[in-house]
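These notes concern the structure reproduced below.
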Amino acid sequence: MKFSMERATLLRAVAQAQSVVERRNTIPILANVLIEAEGDTVTFRATDLDIEVLDKAPAQVEKAGGTTVSAVTLHEIVRKLPDGALVTLSEDGAAGRLTVAAGRSNFNLATLPREDFPVMASSEYSSNFSAKAAVLRRLFDKSKFAISTEETRYYLNGVYMHVADADGGKVLRCVATDGHRLARIDAELPSGAEDMPGVIVPRKTVGEMRKLLDDDDMDIAVSVSETKVRFATPDITLTSKVIDGTFPDYTRVIPQGNTRKMEVDASEFAKAVDRVATVSSERSRAVKLSLDEDRLILSVNAPDSGAAEEELAVAYGDERLEIGFNAKYLLEIASQVDRENAVFMFNSSGDPTLMREGNDTTAVYVVMPMRV
Amino acid sequence: MPALCRDCLTQFDQGRRCPACGRPRIVWHPELFDLSIAHMDCDAFYASVEKRDNPELADKPVIIGGGKRGVVSTACYVARIRGVRSAMPMFKALHLCPDAVVIKPRGAVYAEVSRQIRAMMEEMTPAVEPLSLDEAFMDLSGTARLHGAPPAVMLARLTKRMKDELGLTGSIGLSHNKFLAKIASDLDKPNGFAVIGQAETQDFLRPKPVRMIWGVGEASQQQLDRAGIRTFEDLLRWDHQDLIARFGGMGDRLWHLARGQDKRRVTRNAPMKSISNETTFHEDTADADLLDGHLWRMAEKVADRAKAKGMAGRVVTLKLKSHDFKTLTRRQSLHDATQIADRIYRTARGLFDQLPPGKAYRLIGTGISDLVPETQADRGGDLLDPQAEARARAERATDAIRARFGPDAILKGRALR
């Protein structure tokens with residue numbers, strides 16, 4: 001195998017590969033990227049056995065072939081090469097080495113045979129549809145903060161992507177929760193997605209997929225089966241196993257009867273929460289919200305470190321209410337609001353609170369209060 | 001030579017009997033009133049508490065310990081004459097001493113007595129470092145003026161108070177560092193008072209075996225044996241650098257200890273880092289119901305202790321030991337610290353459920369760590385488990401009932417498995 005490629009193109013492909021590769025591996029070849037040259041394209045393939053990423057890039061191929069080499073080392077080398085360099089990769093089959101040459105730099109890397117590289121079994125996808133990158137980005141970006149890290153509830157370690165019934169008909173919905181907060185984000189149902197099985201997309205896959213979604217207008221081909229999900233651009237294909245578990249019935253969790261409504265400028269609110277929380281040295285910092293006629297007082301009282309209070313003008317017309325939250329959770333949901341005011345719907349100080357952006361019900365957040 | 005009567009605390013200058021009370025319990029030593037680092041070790045602590053509480057046991061051999069697989073945790077001095085030792089398997093102890101009265105340890109009682117003794121020590125100095133329920137180091141440096149008496153007198157007064165007020169005896173070791181104080185407390189047991197002064201330190205240590213050093217166990221002993229080191233005298237022949245080269249950090253410590261040097265300070269114990277509980281079974285078990293029952297009871301014990309101390313933990317740990325003595329631990333961080341048995345149990349159970357099923361274990365344990373004050377715990381509910389709050393309230397109510405009517409007033413069915 002021998003081919004040449006522009007440094008920037010090579011860097012993009014290798015960067016994608018090395019981020020999928022696990023840093024600590026018991027199986028040596030899983031640290032490698034499989035490079036295969038054929039015609040005028042080179043493919044780069046990396047896997048952690050749960051996720052596989054395949055990246056195609058144009059190249060001047062002199063000799064077809066393939067080998068595997070450490071993804072991290074190759075990435076480091078390419079990253080350090082000067083911008084605009086033409087990089088030539090050639091394999092010396094007999095010596096089991098891959099030579100990376102650019103300008104006057106020359107690297108010689110150990111390889112492992114391509115035949116040993118595990119390729120994820122292809123599977124039948126029961127549902128195939130296309131969605132704009134911007135749509136998928138919103139669905140996952142706004143929900144991923146609520147993904148749980150508790151391994152004992154592994155079925156919460158991802159975003160539940162499924163088809164759901166909403167007021168205006170069926171929607172493509174993403175839900176994530178860790179039992180303390182929940183995010184439910186809806187998008188118009190793409191055609192072809194009607195029969196999609198609900199799948200839990202693992203946290204790492206959500207992170208890797210995000211890198212495919214930077215170009216707003218790019219069409220992403222999504223394929224879903226009971227066990228796998230695939231996101232593809234013309235150049236990159238990301239295939240991932242989904243979490244084998246049942247996502248809990250989240251609809252019970254979303255409060256329906258909360259009537260006490262508070263409307264507040266989300267960014268002012270977030271800044272104020274952040275400021276008052278400063279005085280608390282506890283790791284889960286509790287902020288108390290005291291609501292009265294169009295007035296919100298945020299306060300923190302930490303006996304051993306200090307106290308803080310800040311008043312905010314809000315729209316609130318219901319009875320007086322005092323309710324406490326983890327400051328971090330409040331900040332996280334407030335930062336999801338980007339266009340309009342944040343609308344909080346409270347019930348009592350012990351019941352879950354709902355938050356949405358203006359009257360938009362396609363992005364709904366639920367947060368559990370804490371005693372203060 | 002300075003001398004002290006341990007009965008009436010009279011200080012005098014040499015003699016076989018106290019000039020004041022005429023009794024013979026005398027300590028004398030040239031440096032008696034100059035030394036200030038002490039180690040106090042209760043004599044057969046658990047057994048002595050049992051004998052105190054049940055006078056019928058006074059002249060019977062008493063062994064504290066329990067279970068088929070149990071070991072002796074303490075043997076009274078009568079049982080020790082027959083050869084029973086701590087850590088000896090129970091069947092062997094009973095073979096040596098078939099008429100022994102075996103008593104299951106009453107941890108809570110011993111802990112309470114230990115607190116009383118600790119309080120006495122803390123009246124003498126703030127620098128009390130407990131090593132376990134029944135022994136502690138004390139640094140009495142600079143307290144002579146405050147008490148109007150040198151450390152040796154205060155220590156004699158401590159053992160006298162323990163005897164008069166608690167009906168227990170302890171042995172005192174007095175020296176110039178922790179290493180020697182600990183050795184000294186063992187020299188004159190029981191009800192002893194031994195002194196190792198600066199001047200005699202080297203001569204005292206020279207013929208002694210190195211396994212006297214606290215922390216030199218079986219493995220280190222073998223390493224030392226291979227280097228031909230058996231006594232402190234052997235150690236003294238080694239060059240400092242050679243010892244470090246051969247034994248690393250331990251080598252450095254050995255070099256200093258061989259010269260009777262120990263710079264460790266007497267420090268109050270670091271704040272508690274974790275609360276845990278574990279059980280070793282009579283026989284290895286794979287019975288999921290049985291393991292579950294143990295897990296619940298242990299979670300309850302951990303929660304009880306956490307509640308008593310006003311603490312809660314952010315991390316729940318599950319510990320298991322398989323039949324081949326391999327220890328396995330799994331941990332889970334919580335969003336909200338907890339002291340609720342139900343939460344500890346459910347988290348530990350979740351960790352247990354992730355392990356391959358059907359395996360047999362010889363030990364199971366659970367605990368909490370990353371401790372915070374209880375005011376920072378159990379403040380939030382769980383969206384996905386709305387009943388959790390109700391269960392936590394039920395547990396608080398159960399606690400209140402038990403506080404009033406005793407620990408067995410109300411139990412969960414799960415606790416009976």
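These figures come from a predicted structure and were not determined experimentally. Chain letters run A, B, ... following the sequence lines, proteins first, then strands; residues in each count from 1.
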Give, for atom [atom1] of [X] and atom [atom2] of [Y], the distance between the pair rounded to the nearest 0.5 Å.
X      : Y      : atom1 : atom2 : answer
B:E389 : A:M368 : CD    : CE    : 6.0 Å
A:N326 : B:D336 : CG    : CG    : 8.5 Å
A:T149 : B:Q332 : OG1   : CD    : 7.0 Å
B:L383 : A:H180 : CG    : NE2   : 8.0 Å
B:D378 : A:R371 : CG    : CZ    : 7.5 Å

Please indicate whether [X] has more than 12 foreign heavy atoms, meaning atoms of other residues, nucleotides or ligands, lying under 6.0 Å from its [atom1].
X      : atom1 : answer
B:Q387 : CD    : no
A:K288 : NZ    : no
B:R265 : CZ    : no
A:D244 : CG    : no
B:K321 : NZ    : yes
A:R203 : CZ    : yes
A:N359 : CG    : no
B:D289 : CG    : yes

**Study point:** Which portion of A:P369 sits near chain B, non-hydrogen atoms under 4.5 angstrom
**Key:** backbone
Point to revise | chain B contact via A:T177 - which portion, at a heavy-atom distance below 4.5 Å | key: side chain
Review point. Quick one: does A:R153's side chain have a donor or acceptor within less than 3.5 Å of a partner on B:G350's backbone?
Key: no
Practice item. Provide the closest heavy-atom pair for B:R379 versus A:A286 in the form atom of the first, atom of the second, distance. Key: NH1-CB, 3.8 Å
Check your understanding: Which heavy-atom pair separates B:L384 from A:P248 by the least distance, and what is that distance?
Key -> CD2-CG, 4.0 Å
Point to revise | Structural part of B:R314 lying under 4.5 Å from a heavy atom of chain A | key: side chain
Exercise for review: With a 4.5 angstrom heavy-atom cut-off, could you sort out which part of B:S333 is near chain A: side chain, backbone, both or neither?
Suggested key: backbone
